[in-house]
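For ligands, and for the atoms within them, numbers begin at 1 and follow the listed sequence. Quick caveat, the model's predicted, so the values are computed rather than measured.
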Amino acid sequence: MSTSGVVVELQTVTKAFGGLRAVRDVTFNVERGEIFSVIGPNGSGKSTLFNLISGVMPATSGSIRVLGRDIRNLRPHQVSRIGVGRTFQTTQVFADKTVLENALVGRHLRVRTGLWQAELRTRLFRNEEARHRERSLEILDIVGLRDHADRRASQVPNALQQRVAIAMALANEPELLLLDEPTGGLMEQEVLDLMALLRRIRDLGVTIMLIEHKMRLVRQVSNRIAVLNNGGLICEGDPGKVLNDERVVEAYLGTVDAASA
Ligand code: ADP
Ligand code: MG
């Protein structure tokens, strides 16, 4: 566990794909207990930044410390093990497994395993199963999926699909949760419900990093916001400051659908 209040420390982080610098010289900290949003136009490097923080790919240069650890040489499952959960822009769950089984997979096997390994039932798994089931059901309660526990993930209503992925990530008991556009495809009221869920998760002590386009959600739920444009950080601070910043309005907010602002 990190000793300081800083959960993520990015120091001049750059990620190059050939000649394209998808993330360039980005420096900021995320503090324990906050909801920290990352916004910016499509292609500005937001998902790449999450990939770097979760160990999916290494940074080209710069340093990334997560929960007090330099993650430079860590694989995704190792980053997961130090306390980082994440969801992806396209929901990734085990469609044919039940919601409860998805949570259990998130709990035991983390991101290093494929579906076939989830079929293996180790002795440890059997011994601890009752306890893990109980905790997984609690997590389904938190995300509002308790009533869907025994449904296949593919049978869960669209509005709740992303919550299966959130439950899976939470099942690993992360200290830091990375959510990449969790409101994709949601209706107005569903977005508000998700906002309440993010606050609930934050209040349970989980630090959240959020990539999001719906500006009303970002404005209302974020403690702080970072804005990327062409891979670079153009502004960072509290919502009042960032969403009124001229550079942000020019680079990004001017392009956002007024209805979502
Ligand atoms: P965002 O999430 O902000 O929309 P991304 O981080 O997905 O942006 O992409 C930033 C830029 O990096 C884009 O130009 C994208 O095409 C490029 N990119 C992302 N991932 C890869 C990859 N694995 N290989 C090559 N280019 C990539
Ligand atoms: Mg993205």
**Q** Please check if any side-chain donor atom of K214 sits under 3.5 Å from a side-chain acceptor atom of T183, or the reverse.
**A** yes
**Q** In terms of atom number and element, which parts of ligand 1 are under 4.0 angstrom from non-hydrogen atoms of N42?
**A** 4 (O)
**Q** Between A22, S44, P41, flag the one that comes closest to atom 12 (O) of ligand 1 by a heavy atom.
**A** A22
**Q** Identify the heavy atoms of T207 and V30 that sit nearest to each other, and give their distance.
**A** CG2-CG1, 3.8 Å
**Q** Are any of the N/O atoms in G45 less than 3.5 Å from those in ligand 1?
**A** yes
**Q** Nearest heavy atom to atom 11 (C) of ligand 1 wins, so pick from S47, A16, G43, G40.
**A** G43
**Q** Tell me, do V206 and L176 make a side-chain contact under 4.5 Å, heavy atoms counted?
**A** no
**Q** Strictly under 2.8 Å, is any N, O or S atom of N42 next to the Mg ion (ligand 2)?
**A** no
**Q** Which residue supplies the protein heavy atom nearest to atom 6 (O) of ligand 1, what is that atom called, and how far is it?
**A** T48 OG1, 2.6 Å
**Q** Kindly state whether the ring of F88 and the ring of F50 have centres lying under 6.0 angstrom apart.
**A** no
**Q** Within a distance of under 4.0 Å, is there any protein heavy atom near atom 16 (O) of ligand 1?
**A** no
**Q** Identify the heavy atoms of I71 and L52 that sit nearest to each other, and give their distance.
**A** CD1-O, 3.2 Å
